Novice: 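Supplied in structure tokens, the structure appears directly below.
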Amino acid sequence: MAQYDKGRNAGAGRSRARGSSRAGSRGGRSSSGTGAGRSNYTRNSTSGGRKRPNGRKEGLGFGKIAIGGVVLILAIACIVFLVKGMGGLGSGESETESTAPTETELQKEVIVDGVNITGMSRDEAKAAILEQFGWAMTVVWEDQTYEVTDLMSGKVDALLAEIYAGEPKESYSLDTDGLEDAVTAEAAAVAQLWDKKARNGSISGYDKETGKFTFAEAESGLAVDQELLKSDMLQALRDKDFDAQIQAAVNTVEAEISAAAAKEQYQTISSVTTNTTANSKRNTNVRLACEAINGTVLQPGEEFSFNKVVGERTEAKGYKGAAAYNNGEVVEEIGGGVCQVSSTLYNAVVKAGLKTTVRRSHTFEPSYVTPGTDATISWGGPDYCFVNNSSTAIGIRSSYSDQKCTVSIYGIPILEEGVTYSLKSTKIKDIDPPAPTYEEDGTLQPGEEKVKSSGSKGSYWETRLVITKDGEVISQEIDHTVTYKGHAPVILRNTSGTVAPGAETTDPNETIIDPNTQTGEGQGTAPTESQDASNGEGPGGGPGVSGGPGSEQTPASNPNTAVSPTPGASQGPAQPTTAPASPAPTAPSASAPASAPTAGPGSDSGNPNLIAPMPGA
């Protein structure tokens, strides 16, 4: 208190000194102004006397002028004095405001938990309290230390706000109640640092030599006893022991499954097979992609990316050029066919009960799985990803053999016993094909038109996730919908008015078939869908898929059959001048014929007559 009084007296002295200085300044300015007035008056009067001529009348005239000048000078001097006086007063008031204390100093004696804050500003009082009750609480375990966030600073601020808001009481105590939520958050933060999940015995790798997964032993985990830690922290707060060092209790958590037990529980929990084409180049690409993902192990919570695991499809890796859709055009691209592997994997993932995170359908209907259950991929573009949402590691097996692509998931069953997941895709409606395009053919007669490609309709599909238990459907919610584009018909015509020299006469009954019209794998997309020429997907798939409940897609038409323009299409091409030699196949319907074989989850209905749509597809 002596220190505080001494400081206050010194402050008062400084205040009085400043007041005296300001008063003196104002007084000096006033005297100066008055003196100037008197001096001017005397000087002018004397001057007038010296210059006054001998004549009396003239002398009186000069006297009047002198008196008027003195009056004018006095008036000016008064105005200057008033202005300076007002300025000085304003300056004094401004200085008084700037030197006033920003906070009220307590005049009444106030004590907070033994700390006397009488005569202190709020900031001074807070500093004094925190000095007495400094925050330094920590939680320790072995050689690790966690510094607990200051939980009392806000409490001190609230208390001082109450004290300085009005007439304070004589004694106060810091309130430590209401901090349960903050303490819970601190205990959770400690657990996040030191908790370690127990690791069950599970697969850890894949031995390519034996073709088997390898197993790792189980590992124990650690868990902070958060309830005990919260209790200890709250007790330290109640005791106002803000620099307490609290010892955390960290318990050992045993794994649930040993490596030996895991070997007995692991099994193939899903498997899907799709049929490929007879094209050797495309099958090479399917085989290489299968080999790339075979043996992949995903730990719990880990995400699989098809593009990251398989990598870029290049000639250096052995990938071949095969027919592919690129922006709606049939082209030969390196890696054509690998979308069949990603689509087969997608159906196996669904069937296993794993969670797909990234998937996109093709632009055109695929044939090796039911439309709506496909997963397009492209290097630098679309990807297929899923996450291991189980509590143990899972493995992927994949292979190609005899025009069949098979993908299986190996792990401990994720779904409850008797529960199955599958995809059911249904075509809701057909969509008219795009407007026809025309190509010049000088071999035709002027005005003659011929169908090069009848095009194909687009379609709109609805895909549901079907969940059954003991054979009974318990849920079939819509998972997604997709719209597939149709192919534009292509019409040959001759608008030149002449026939090209040496042109052979064409058979008016002939209909030319465009491979674009065949059912196939649609990888091509608009520029926004980012197709890459290094791995474009080619049209053409296989006749179906096996591995689960069937779907509602009709078999594709036989590509060896001539195709006529789609009847009834609002934007269809003009009819050819002559009828085709053979009848056109019927358009696909929403229901499959009774003879269609059962297919796998989200799969294509099999068609043994389906072949590659074109050489190299």
Side-chain angles (χ1 to χ4, degrees), residues 103-104 106 110-117 120-199 219-256 299-303 355 357 387 389-391:
E103 293 180 348
T104 304
L106 287 177
V110 177
I111 298 175
V112 178
D113 277 332
V115 179
N116 193 328
I117 61 173
M120 297 184 185
S121 68
R122 184 185 298 190
D123 289 342
E124 291 170 337
K126 182 176 181 178
I129 294 172
L130 294 181
E131 183 179 359
Q132 179 66 26
F133 298 99
W135 184 269
M137 188 178 293
T138 57
V139 179
V140 296
W141 171 64
E142 293 183 347
D143 60 345
Q144 301 184 61
T145 301
Y146 174 81
E147 295 182 359
V148 181
T149 302
D150 189 344
L151 304 180
M152 289 303 300
S153 180
K155 287 285 190 178
V156 173
D157 287 338
L159 177 62
L160 292 176
E162 177 186 346
I163 294 173
Y164 283 82
E167 185 63 26
K169 297 184 296 183
E170 293 181 356
S171 177
Y172 290 88
S173 181
L174 289 173
D175 176 21
T176 61
D177 294 333
L179 294 174
E180 288 78 8
D181 289 345
V183 168
T184 299
E186 290 300 304
V190 172
Q192 188 175 7
L193 286 177
W194 299 337
D195 276 4
K196 176 186 175 184
K197 288 185 178 181
R199 185 171 179 176
E219 295 180 6
S220 299
L222 299 171
V224 174
D225 188 337
Q226 296 187 51
E227 292 302 318
L228 178 59
L229 179 57
K230 287 191 292 184
S231 176
D232 290 345
M233 291 175 67
L234 288 172
Q235 185 60 51
L237 288 170
R238 286 190 291 269
D239 296 341
K240 295 184 174 59
D241 186 7
F242 301 143
D243 60 353
Q245 187 179 80
I246 300 173
Q247 185 71 37
V250 181
N251 303 317
T252 300
V253 179
E254 297 297 335
E256 297 177 356
Q299 297 299 327
E302 189 175 357
E303 186 178 48
K355 182 180 179 181
T357 53
V387 67
N389 51 292
S390 72
S391 60

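Since we're looking at a predicted model, the values are computed, not measured. We number each residue from 1, following the sequence as shown.
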Novice: After noting the C-alpha distance and the side-chain angles of Ile117 and Ile111, does the key distance pass the side-chain contact (heavy atoms from CB on, under 4.5 Å) rule?
Specialist: CA-CA 6 Å; Ile117 61 173; Ile111 298 175; over 6 Å; no

Novice: Could you tell me which residues satisfy side-chain contact (heavy atoms from CB on, under 4.5 Å) with Glu180, sequence neighbours excluded, listed by chain and number?
Specialist: Leu234

Novice: If the condition is side-chain contact (heavy atoms from CB on, under 4.5 Å), which residues does Asp177 pass it with, not counting sequence neighbours?
Specialist: Asp175

Novice: Given 3.5 Å as the limit, does a donor-acceptor pair link the side chain of Glu131 with the main chain of Ala128, or not?
Specialist: no

Novice: Can you tell which of Leu174, Val112, Asp150 makes a side-chain contact (heavy atoms from CB on, under 4.5 Å) with Val156?
Specialist: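 Of the listed residues Leu174, Val112, Asp150, the side-chain contact (heavy atoms from CB on, under 4.5 Å) partner of Val156 is Leu174.
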
Novice: Between Ala125 and Tyr164, what is the shortest heavy-atom contact and its length?
Specialist: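 Residues Ala125 and Tyr164, closest heavy atoms: CB-OH, 3.6 Å.
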
Novice: Can you check whether Lys355's main-chain N or O pairs, donor with acceptor, with Asn389's side chain at less than 3.5 Å?
Specialist: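 Looks like yes, one N/O pair under 3.5 Å.
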
Novice: Of all heavy-atom pairs between Gln226 and Ala188, which one has the smallest distance, and what is that distance?
Specialist: OE1-CA, 3.4 Å

Novice: Quick one: are Leu222 and Val253 in side-chain contact, heavy atoms under 4.5 Å?
Specialist: no

Novice: Arg122 pairs by side-chain contact (heavy atoms from CB on, under 4.5 Å) with which of Asp157, Leu160, Ile163?
Specialist: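 With Arg122 as partner, side-chain contact (heavy atoms from CB on, under 4.5 Å) holds for just one option, Leu160.
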
Novice: If the condition is side-chain contact (heavy atoms from CB on, under 4.5 Å), which residues does Asp225 pass it with, not counting sequence neighbours?
Specialist: Glu227, Leu228, Ala249, Asn251

Novice: Identify each donor-acceptor pair in which a side-chain atom of residues 137-144 lies under 3.5 Å from a protein atom, sequence neighbours left out, and give them as a table.
Specialist:
residue, atom, partner, partner atom, Å
Gln144, OE1, Trp194, NE1, 2.9

Novice: Other residues, nucleotides and ligands only: do more than 12 of their heavy atoms fall within 6.0 Å of NZ on Lys197?
Specialist: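 Count not over threshold, so no.
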
Novice: Under the ring-ring contact (aromatic ring centres under 6.0 Å, His included) test, which residues partner Tyr172, sequence neighbours left out?
Specialist: none

Novice: Taking only residues two or more places apart in sequence, or in another chain, which ones meet Ala136 in a side-chain contact (heavy atoms from CB on, under 4.5 Å)?
Specialist: Asp243

Novice: Indicate yes or no: at least one non-hydrogen side-chain atom of Met233 is less than 4.5 angstrom from one of Val148.
Specialist: yes

